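Below is one structure; the comments refer to it alone.
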Amino acid sequence: MDDLSDRQLRIISTRISSEIGLFFPEDRWRDLKRGILGAAVELGCVDADHFVERLTASPADRKMIEVLARHLTTGETYFFREKQVFLILKEKILPGLIRSRSASGKIIRIWCAGCSSGEEPYSIAILLKQMLPDIHDWNITIRATDINIDALLRAREGIFGEWSFRDTDPELRNSFFTTGEKGRFVINPEIKKMVSFAYLNLVSDPYPELANNTNAMDIIFCRNVLMYFSPEQVESVTRRFHHALLDGGWFVTSVTETSLNLTREFSGINLPEAIVYRKVSRDPDEVPHTGPASRSVTVIPKIPRIISARAGTRSVSPAVTVPVAARSVPAPKKPEPVSTITAALEHYKAGRYAEAASACEVLPDRKKNTGTMILLTRAYANQGQLDLAENWCRKAIASDRINPETHYLLASILQELGREEEAAESLQRVLYLDHNCILAHYDLGNISLRQGDKKKACLHFRTTEKILAKMPDNAVVPYSEGLNAAKLLRIIKTTVTRVGTMA
């Protein structure tokens, strides 16, 4: 394997970039070659040609992606790395967010994308614990994702060595860790349970998404990750981060990545010793507020079948759906319903949820058309306005009580409101109407896990796996934002690995 040619390295580099997003231009081929040598041995490849053939013969399977990620990413991290970033978080970002949420639901959502072995999300959890004396009254989500499955397993264990504390106040370690075997340090259970870990490929996996809980975020951390991506991938990933954030939300990168060409939709904010980014209103005269005042919610699944069938938006052309009689009368001052719903859908797809809601609110049939009510539900929910979202969702259910999708939509909202018993009841209604609803079983499994009922959780996860096993790998899971069967199976397997209750 020492004789990798430039041609082979170019093929490998291109393939790895497309499969897992890691970008290795020629000036980094030495790093690529070093990582490939280790990965090839682990994968059992006898020579360079064998490795190239295996990599290019078909899309990389999960094992290959995990092996490549392990050998090609450094995962260099430690607690409270880049102290100035955490100082900004403590003094500039969190205080305003905490003030606004204290009066509007006490919900904070943070995503660490590229979390490695967990030091970053646990640092955030510790900081929130220090800043919130009434933290038990808050609904805190700290979502941590990575492509390196080994790093995720270490993160879930919550056991660290001295090297993870190399620039950390010893008092902090004494306060939030206990001494384990062989000089290791075990994070306190109260901090550990604040963070949820999951596998996620930022280049190829869907997000913002319901199943992986990556939408309606207040803050996204993605540090020392974007530097691995090509310029086109950086633009694509940051654009999706922009959609995943609530208005006024914060995007935090590493100081080494501030020169990257981030999407123009973010506003760069210069602070002492660092630059962070802000998702601001499209109105140039509107100054972004410090932390959105409304509550947040996991992404509400798109339901294109209902909207297209019931709201008449299968075609963009008004001529397809406007009644013939309507064409002979003078054009109304307001846009015709088909134009408005089409505009609303376009706004929604672009992540402009406020504009989508405004476009729906002027529709004369909004209180009668189930599709319009569903779109309003989703638009308000993704702005964090859960009360309005719940109200419109219940109206949609009243107009079509036997539609399982509207009941699932309500269950998603209730979970984010912390009303899990009611959410479970809604999910049971979904299963009564559609006993093969994959995401209903999956959500009930997660609710059971949070309630400590591992046996019941396993029953739901096994049912989910049985249904998924009958589907093609690339089949889209109903009610999801494009999540396919193979990727949901991956999520389930990493979830059950965490609890250690299923093979």
Side-chain angles (χ1 to χ4, degrees), residues 77-144 155-180 184-197 217-223 245-246 248-255 269 271-274 276 278 290-293 295-296 418 450:
T77 186
Y78 49 89
F79 283 97
F80 290 90
R81 183 182 184 184
E82 295 180 0
K83 287 185 176 180
Q84 68 273 20
V85 170
F86 283 92
L87 186 64
I88 290 167
L89 184 64
K90 180 180 180 180
E91 296 184 352
K92 302 290 185 181
I93 298 176
L94 285 176
L97 184 58
I98 291 171
R99 282 194 302 273
S100 67
R101 298 300 170 78
S102 293
S104 61
K106 293 190 173 182
I107 298 175
I108 292 177
R109 291 173 55 80
I110 300 173
W111 177 15
C112 294
C115 66
S116 188
S117 48
E119 286 89 338
E120 178 182 80
Y122 284 136
S123 296
I124 295 169
I126 289 170
L127 181 58
L128 284 168
K129 172 67 175 174
Q130 292 173 323
M131 296 182 68
L132 291 170
D134 60 341
I135 195 167
H136 294 294
D137 297 331
W138 285 74
N139 183 350
I140 305 291
T141 294
I142 303 175
R143 188 62 163 166
R156 291 191 185 105
E157 289 179 349
I159 302 174
F160 302 91
E162 286 278 1
W163 193 237
S164 293
F165 301 92
R166 55 187 178 272
D167 194 27
T168 305
D169 184 351
E171 183 58 34
L172 181 142
R173 187 177 65 187
N174 295 336
S175 299
F176 295 99
F177 296 82
T178 56
T179 303
R184 309 280 284 175
F185 299 91
V186 182
I187 198 160
N188 290 356
E190 187 176 15
I191 300 299
K192 185 177 181 181
K193 71 180 181 181
M194 291 176 65
V195 184
S196 63
F197 294 94
M217 291 292 167
D218 298 304
I219 307 169
I220 295 177
F221 277 75
C222 187
R223 301 191 297 160
L245 283 166
L246 291 172
W250 299 84
F251 176 39
V252 182
T253 63
S254 170
V255 292
I269 300 177
L271 296 171
E273 301 186 68
V276 297
R278 197 84 185 269
T290 304
R295 287 178 277 188
S296 58
R450 290 193 291 271

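Bear in mind the structure is a predicted one, so any value in this text is a computation, not a measurement.
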I need the [X] [atom1] to [Y] [atom2] distance, nearest 0.5 Å.
X: W250; Y: L89; atom1: CH2; atom2: CG; answer: 10.0 Å
X: K90; Y: L127; atom1: NZ; atom2: CG; answer: 7.0 Å
X: T168; Y: R173; atom1: OG1; atom2: CZ; answer: 8.5 Å
X: T178; Y: F185; atom1: OG1; atom2: CZ; answer: 9.5 Å
X: I140; Y: L128; atom1: CD1; atom2: CG; answer: 5.5 Å
X: I219; Y: C112; atom1: CD1; atom2: SG; answer: 9.5 Å

Could you walk me through whether R223 and V85 pass side-chain contact (heavy atoms from CB on, under 4.5 Å), step by step? CA-CA 10 Å; R223 301 191 297 160; V85 170; 3.8 Å; yes

Side chain [X], main chain [Y], donor-acceptor under 3.5 Å:
X: N188; Y: S175; result: yes
X: R109; Y: D218; result: no
X: R166; Y: W163; result: yes

Apply ring-ring contact (aromatic ring centres under 6.0 Å, His included) to F176 and list each qualifying residue two or more places apart in sequence or on a separate chain.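 Not a single residue meets the ring-ring contact (aromatic ring centres under 6.0 Å, His included) criterion with F176.
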
Close side-chain approach of [X] and [Y], heavy atoms under 4.5 Å:
X: L132; Y: K106; result: no
X: F221; Y: P121; result: no
X: M131; Y: P95; result: yes

Tell me the closest heavy-atom pair linking [X] and [Y], and the distance in Å.
X: M217; Y: R143; value: CE-CB, 4.2 Å
X: E82; Y: S254; value: OE2-OG, 2.8 Å
X: F160; Y: S164; value: CD2-OG, 3.8 Å

Could you walk me through whether K92 and V276 satisfy the side-chain contact (heavy atoms from CB on, under 4.5 Å) test, starting with their C-alpha distance in whole Å, then the side-chain angles of each, then the deciding distance to 0.1 Å, before giving a yes or no? CA-CA 11 Å; K92 302 290 185 181; V276 297; over 6 Å; no

Between W138 and S102, is a side-chain contact (heavy atoms from CB on, under 4.5 Å) present by the stated rule, with each step listed? CA-CA 9 Å; W138 285 74; S102 293; 3.5 Å; yes

Kindly indicate, with the supporting measurements, whether the criterion ring pair (Phe, Tyr, Trp, His ring centres under 6.0 Å) is fulfilled by F79 and F177. CA-CA 12 Å; F79 283 97; F177 296 82; 5.2 Å; yes

Classify the side-chain pair E120/T77 by whether it contains a donor and acceptor separated by less than 3.5 Å.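 Checked: E120/T77 side chains show no N/O donor-acceptor pair below 3.5 Å.
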
Under the ring-ring contact (aromatic ring centres under 6.0 Å, His included) definition, can you give me all pairs with a residue in residues 88-109, not counting sequence neighbours?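 Of all non-adjacent pairs touching residues 88-109, none passes ring-ring contact (aromatic ring centres under 6.0 Å, His included).
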
I98 and I108: side-chain contact (heavy atoms from CB on, under 4.5 Å), yes or no, with the steps? CA-CA 8 Å; I98 291 171; I108 292 177; 4.1 Å; yes

Residue pairs fulfilling side chain to side chain donor-acceptor pair (under 3.5 Å) with at least one residue in residues 121-131, sequence neighbours excluded: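 For residues 121-131, and leaving out neighbouring residues, the side chain to side chain donor-acceptor pair (under 3.5 Å) pairs sorted by first residue read K129-E190.
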
Sole residue of V252, I124, I220 in side chain to side chain contact (heavy atoms under 4.5 Å, CB included) with I110: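 For I110, the side chain to side chain contact (heavy atoms under 4.5 Å, CB included) test succeeds with only one of V252, I124, I220, which is I124.
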
